[in-house]
**Q** 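Input: one structure, supplied below.
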Amino acid sequence: MLGGSRCISQHCNFHCSAHQFSTILAASTLTSNSSFKNFRIRLRNRNSNSSCLSNKVCDFGVNCVQPKSSDTQSSLLSETLSQSGTDEEPPSERLPILTGGIVALGKFDALHIGHRELAIQAAKRGIPFLLSFVGMAEVLGWEPRAPIVAECDRKRILSSWAPYCGNVMPRELQIDFSKVRYLTPCQFVEKLSKELGVRGVVAGENYRFGYRAAGDASDLVKLCEEYGLEAYIINSVMDTNQISGALNCNDGKERGQVSSTRVRYALHKGDMKYVSELLGRNHRLILMMDDQERFTSERNRLSAPKSCLLNLAPKEGLYENCSVLIDKNVIPCRVIVDTTDIHLECYEVDSFSCVTSQDLKVFGIDFGSPELDGVQIL
């Protein structure tokens, strides 16, 4: 493999909705053993006009926000949360953060171990970014569905990838899909080069891009060469469970690799061990506590309607080996998911009183052993 990682001290905060939180936890012990294919593309000199680039970044619909420090789990909620766009910097200030970076290309909805591998390879070659699109469902008319990862939880997960990425947290670029939907593959790469000023890209072998997915990985390599960018194509991280037949998936890109489709399938089946293997961490369910009257508690049980969920819950059933974390203390619990509500039951009444005594804003539950990952309630 080529190149070493470049370390930087600044981090990029992510565009989140209200009631967001950020914690940094130890990275998962699961690792990817995917093989790596390298396409080294010669880097040409580019004459860039900074003022021109600054004016075009907004047109590209990019959202990249500079964060505040989040080095400990005890950071106050008021110091780590922000309303959408309130911290956003003007294009002229954002541009130096983007210039010279290595962009990983993908959907990044589940932030699973395949996505983490893309970030790792990007970090080996420069400042790592994840390039994702927002507003795809609205533009394409897809039926709305709950995300696998709550928007407010994405920064915590990317922070946990830092040890894999040369102690650099990958940043996330969010691009308005409506602004790039009709771009040809050539036009898309041109925008990456001329408007964002990236130095190179990393993509999976099955990556497709451009209007109607007209371009594939080989096209990406050729176009990057034309525009003086480096291009790195990596092999997919494969799912060792190999459940392709059970997925009933018509996706032509399905070759047995780790995917968000597989994560959704595992959640639908309630197989949380499998979910953890795909994600490289425990699945974290986030509830927004915007109306305390909607929550009920008795003895050692706290109940909340599913309408409070910010991301996808597993199938209905009883789940042992769950946990919550309050003031750095891990509290084991069980979770019951029924048709309308989520119920959290602490094994000890004293532990439950610790939960209900908090002034909760966002409530998180981890499905899995506390040793792999923790949960924080803020």
Side-chain angles (χ1 to χ4, degrees), residues 23 25-34 106-119 130 145-161 164 204 236-249 251 254-287 306 308-325 330 332-339 342-345 363-376:
T23 60
L25 301 173
S28 160
T29 56
L30 297 176
T31 58
S32 164
N33 59 0
S34 65
K107 290 185 178 179
F108 304 111
D109 42 355
L111 293 178
H112 53 61
I113 57 175
H115 295 150
R116 187 179 68 190
E117 183 64 20
L118 288 172
L130 304 184
R145 60 181 182 177
I148 296 172
V149 178
E151 183 69 18
C152 59
D153 198 28
R154 295 179 70 85
K155 182 179 177 181
R156 174 191 66 88
I157 296 169
L158 295 181
S159 296
S160 75
W161 290 2
Y164 299 94
S236 300
V237 176
M238 304 306 293
D239 175 15
T240 56
N241 285 277
Q242 295 298 311
I243 60 166
S244 297
L247 285 173
N248 190 26
C249 180
D251 188 349
E254 173 60 48
R255 298 290 185 272
Q257 71 274 17
V258 173
S259 66
S260 298
T261 298
R262 288 170 180 263
V263 177
R264 288 184 180 275
Y265 171 85
L267 286 168
H268 176 71
K269 292 296 183 181
D271 189 342
M272 302 314 292
K273 182 177 182 294
Y274 184 27
V275 172
S276 295
E277 291 173 356
L278 294 171
L279 296 179
R281 63 183 185 275
N282 288 329
H283 180 59
R284 178 168 294 185
L285 191 60
I286 307 295
L287 295 84
K306 281 186 174 179
C308 297
L309 296 179
L310 298 185
N311 61 319
L312 185 61
K315 68 173 291 187
E316 297 168 15
L318 170 64
Y319 297 89
E320 302 283 357
N321 300 320
C322 298
S323 59
V324 295
L325 176 64
V330 176
C333 65
R334 67 171 63 92
V335 174
I336 301 170
V337 180
D338 63 28
T339 56
I342 304 291
H343 310 279
L344 182 151
E345 293 183 350
F363 185 86
I365 305 171
D366 266 14
F367 288 76
S369 62
E371 289 76 15
L372 178 60
D373 205 350
V375 170
Q376 186 170 30

**Q** Any chance you could measure Leu310, atom CG, to Asp153, atom CG, to the nearest 0.5 Å?
**A**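 So the gap between those two atoms works out to 9.5 Å.
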
**Q** Roughly how far apart are Thr261 OG1 and Asp239 CG, rounded to 0.5 Å?
**A**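 It comes to 11.5 Å.
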
**Q** For Arg281, which of Ile113, Asp366, Leu111 qualifies under side-chain contact (heavy atoms from CB on, under 4.5 Å)?
**A**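 The side-chain contact (heavy atoms from CB on, under 4.5 Å) with Arg281 is passed solely by Leu111 among Ile113, Asp366, Leu111.
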
**Q** Roughly how far apart are Arg334 CZ and Leu318 CG, rounded to 0.5 Å?
**A**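 Answer rounded to 0.5 Å: 6.5 Å.
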
**Q** What's the separation between atom CZ in Arg116 and atom CG in Leu130, rounded to the nearest 0.5 Å?
**A**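 Taking CZ in Arg116 and CG in Leu130, the distance rounds to 12.5 Å.
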
**Q** Show, in sequence, the C-alpha distance, side-chain angles and deciding distance for Asn321 and Met272, and conclude whether the side-chain contact (heavy atoms from CB on, under 4.5 Å) test is met.
**A** CA-CA 10 Å; Asn321 300 320; Met272 302 314 292; over 6 Å; no

**Q** If I compare all heavy atoms of Gly368 with all of Asn282, which pair ends up nearest, and what's the gap?
**A**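 Between these two residues, the closest heavy atoms are CA-OD1, 3.5 Å.
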
**Q** Quick check for you: to the nearest 0.5 Å, what is the distance between Leu267 atom CG and Ile148 atom CD1?
**A**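 That separation rounds to 6.5 Å.
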
**Q** Taking the side chain as everything from C-beta on, heavy atoms only, tell me whether Ile286 gets closer than 4.5 Å to Cys152.
**A**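 Sidechains of Cys152 and Ile286: in contact.
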
**Q** Could you tell me which non-hydrogen atom of Val337 sits nearest to which non-hydrogen atom of Pro314, and how far apart they are?
**A**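 Taking every non-hydrogen atom into account, CG1-O, 3.8 Å.
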
**Q** In terms of ring plane angle, is the pair His283 and Phe367 parallel, tilted or perpendicular, where the classes change at 30° and 60°?
**A**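 Tilted, since the angle between the ring planes falls between 30° and 60°.
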
**Q** Does the side chain of Ile365 come within less than 4.5 Å of Leu287's, by heavy atoms?
**A**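 Yes; the side chains approach each other to less than 4.5 Å.
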
**Q** Would you sort out whether Asn311 and Val149 count as a side-chain contact (heavy atoms from CB on, under 4.5 Å), showing the intermediate values?
**A** CA-CA 6 Å; Asn311 61 319; Val149 178; 5.8 Å; no

**Q** In Å and rounded to the nearest 0.5 Å, what is the OG to CG distance from Ser260 to Leu278?
**A**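 Between Ser260 OG and Leu278 CG, I get 9.5 Å after rounding to 0.5 Å.
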
**Q** Taking all non-hydrogen atoms of both residues, which atom of Ala266 and which atom of Val275 are closest, and how far apart?
**A**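 Shortest heavy-atom contact: CB-CG2, 3.4 Å.
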
**Q** Testing the basics here: between Leu285 and Leu312, what is the closest heavy-atom pair and its distance to 0.1 Å?
**A**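 Reported closest heavy-atom pair: CD1-O, 3.6 Å.
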
**Q** Does His115 have any ring pair (Phe, Tyr, Trp, His ring centres under 6.0 Å) partners at least two apart in sequence or in another chain, and if so, which?
**A**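 By the ring pair (Phe, Tyr, Trp, His ring centres under 6.0 Å) rule, His115 matches Phe108, His112.
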
**Q** Assess whether atom NZ of Lys306 is packed by more than 12 heavy atoms of other residues, nucleotides or ligands within 6.0 Å.
**A**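 Buried by this count: over 12 neighbours within 6.0 Å.
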
